[in-house]
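Worksheet for the structure shown next.
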Number of protein chains: 2
Amino acid sequence: MLRNMPDLSRGGPGDDADAAAVNALRSAVIRLSRRLKHQRVDESLSPTEMSVLGTLARCGSATPGELARKEHVQPPSMTRIVALLEAKGLVRLEPHPDDRRQKVVSQTERAEAMLEESRRRRNAWLASLAEGLDEDEWAKLRAAAPVLEKLAHL
Amino acid sequence: MLRNMPDLSRGGPGDDADAAAVNALRSAVIRLSRRLKHQRVDESLSPTEMSVLGTLARCGSATPGELARKEHVQPPSMTRIVALLEAKGLVRLEPHPDDRRQKVVSQTERAEAMLEESRRRRNAWLASLAEGLDEDEWAKLRAAAPVLEKLAHL
DNA sequence: CAGGGTAATGAGTTATGCTAAGGAACATGC
DNA sequence: GCATGTTCCTTAGCATAACTCATTACCCTG
């Protein structure tokens, strides 16, 4: 049962090509996120916890509120996540220098080591995926990765 | 089988770049999926239900098992999702012509109309996002969309 | 110093997936 | 043709991870 498949090669903001791209993007992102959930490198860390550690690695330290906004999670959820990470010795909580309401979350050396390890393990997953993609497809993925990041926190 | 697999021992050109890309991709996909969850067009439909409807729209009709595989969900979950969609009058269940164990799920006219409406609403979201992306970034996104879809069901 | 606004958190609920187990329909051996 | 094993959908029970609402502590302005 064939349906209207708009031309993806043609461009211009707001037209059918973009709508179709967004459609495909949404579907792919949802299914991929489900896969990633299952494909987690470390059983003891949820995807969001991993994501938070990644954000901390990129941005240095941040307050729980900042992290919640970046990860698109409600503050109470971030409180929980940070508490779990702290219990595992992966982040450190310090009082905010200027505002005693806030706290500053930063990663520990242990988190650093863990990220390195996880990076190594991800290469295996990467390699298995590489079998299904040609170099051109990889190039497109690499090109789009920063755009997706921008989209994620836009 | 190992055509494009990066050389892990040497750390060649595709290695670190690919690892970084996968890193960024994972993080972006997780956060984006969370955003999409909130951006849902119809409050009564979960993201997965939407994704299933999208799949049905692309592929015509399918059995619950096929849908479960496509969406990377276990069969019992798909049973429930399909049941919910049926209760909402968005899909129709018919007996399989050849195999009476299976069923055939197809979308109703109402789902058709709903998808059209949702497509229209997504354009608003799209327009708001378009302000933050230039044409070059959109082009990269369009190019990567099919690759992401491939990745999602690889 | 009173009052509004913001940060983090605690408690309870909801959503959404999973595993285990079962029943019906097919496929294949003899 | 029937017994056996397999496949498909489903039911039931459970786990996780998010959310909302309410609370407390703190900052800042008038």
Side-chain angles (χ1 to χ4, degrees), chain A residues 27 29-40 42-53 61-88 91-106 152, chain B residues 29-40 42-53 55 61-88 91-106 152:
Chain A
S27 176
V29 164
I30 287 173
R31 287 184 288 184
L32 249 183
S33 79
R34 203 148 30 222
R35 270 199 94 176
L36 284 167
K37 224 169 166 173
H38 241 319
Q39 201 81 32
R40 62 177 68 173
D42 189 326
E43 279 307 316
S44 65
L45 252 60
S46 80
T48 307
E49 290 174 292
M50 274 305 289
S51 192
V52 168
L53 283 184
S61 50
T63 69
E66 283 171 355
L67 287 174
R69 280 188 292 276
K70 277 183 210 283
E71 298 292 327
H72 291 286
V73 158
Q74 293 301 309
S77 303
M78 189 50 70
T79 292
R80 225 176 98 83
I81 292 163
V82 166
L84 287 173
L85 287 175
E86 191 192 18
K88 288 167 191 160
V91 303
R92 199 188 343 267
L93 272 115
E94 288 155 7
H96 194 283
D98 303 330
D99 188 338
R100 281 189 316 191
R101 291 171 305 179
Q102 306 186 47
K103 295 177 180 177
V104 176
V105 185
S106 54
Chain B
V29 163
I30 287 174
R31 286 184 290 182
L32 249 183
S33 79
R34 206 149 24 221
R35 272 199 90 174
L36 285 167
K37 225 170 165 172
H38 289 299
Q39 181 260 333
R40 59 175 71 171
D42 188 327
E43 279 308 316
S44 65
L45 250 62
S46 79
T48 307
E49 288 173 294
M50 273 304 290
S51 190
V52 168
L53 283 184
T55 298
S61 49
T63 69
E66 284 169 355
L67 286 174
R69 281 187 292 277
K70 279 184 209 280
E71 298 291 327
H72 286 105
V73 158
Q74 292 302 308
S77 303
M78 190 50 71
T79 291
R80 201 171 43 177
I81 292 163
V82 166
L84 287 173
L85 286 175
E86 191 192 19
K88 289 168 189 159
V91 303
R92 199 187 345 265
L93 272 117
E94 287 155 5
H96 195 283
D98 303 330
D99 186 340
R100 282 188 315 190
R101 290 171 305 178
Q102 305 187 47
K103 295 178 180 176
V104 176
V105 185
S106 54

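Worth saying up front: this structure is predicted, and the values here are computed from it rather than measured. Note: hydrogens, waters and symmetry copies are ignored here, and every other heavy atom, side chains too, is used.
By the side chain to side chain contact (heavy atoms under 4.5 Å, CB included) test, B:Thr79 is found to be paired with no residue, residues two or more places apart in sequence or in another chain being considered. B:Lys37 meets the salt bridge (charged side-chain N to carboxylate O under 4.0 Å, His left out) test with no other residue; sequence neighbours excluded. Taking the side chain to side chain donor-acceptor pair (under 3.5 Å) definition, one finds that A:Ser106 meets it with nothing, sequence neighbours left out.
Between the OG atom in A:Ser51 and the CG atom in A:Leu67 there is a gap of 10.0 Å [rounded to 0.5 Å].
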Pairs of donor and acceptor atoms involving the side chains of residues 29-36 of chain B, under 3.5 Å and at least two apart or interchain, shall be tabulated with distances.
| residue | atom | partner | partner atom | Å |
| --- | --- | --- | --- | --- |
| B:Arg31 | NH2 | B:Ser27 | OG | 3.2 |
| B:Ser33 | OG | B:Ile30 | O | 2.8 |
| B:Arg34 | NE | A:Glu71 | O | 3.0 |
| B:Arg34 | NH1 | A:Thr48 | OG1 | 2.9 |
| B:Arg34 | NH2 | A:Glu71 | O | 3.4 |
| B:Arg35 | NH1 | A:Leu151 | O | 3.0 |
| B:Arg35 | NH1 | A:Leu154 | O | 2.9 |
| B:Arg35 | NH2 | A:Leu154 | O | 3.3 |

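No engagement by A:Pro95 is indicated, since no non-hydrogen atom pair under 4.0 Å with the nucleic acid exists. Residue contacts for B:His96: at a heavy-atom cut-off of 4.0 Å it reaches no nucleic acid atom on any strand shown.
When DNA chain D is scanned in the 5' to 3' direction for atoms under 4.0 Å from non-hydrogen atoms of chain B, the outermost contacting nucleotides are D:dT7 to D:dC19.
Per the geometry, CD belonging to A:Gln74 stands 15 Å off C1' belonging to C:dT6, to the nearest Å. Between B:Leu45 atom CG and C:dT16 atom P there is a gap of 10 Å when expressed in whole angstrom units.
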Side chain to side chain donor-acceptor pair (under 3.5 Å) between A:Gln74 and A:Ser77, worked out: CA-CA 5 Å; A:Gln74 293 301 309; A:Ser77 303; over 6 Å; no

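Looking at heavy atoms from C-beta onward, B:Val52 lies in side-chain contact with B:Met78 at the 4.5 angstrom threshold.
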Please list, pair by pair, any protein nitrogen or oxygen found under 3.5 Å from a nitrogen or oxygen in nucleotides 7-15 of chain C.
| residue | atom | partner | partner atom | Å |
| --- | --- | --- | --- | --- |
| C:dA8 | OP1 | A:Pro64 | N | 3.4 |
| C:dA8 | OP2 | A:Gly65 | N | 2.8 |
| C:dT9 | OP1 | A:Lys103 | NZ | 2.4 |
| C:dT9 | OP2 | A:Thr79 | OG1 | 3.0 |

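Electrostatic pairing of B:Glu86 and B:Lys88 does not count as a salt bridge here, judged by no charged N lying under 4.0 Å from a carboxylate O.
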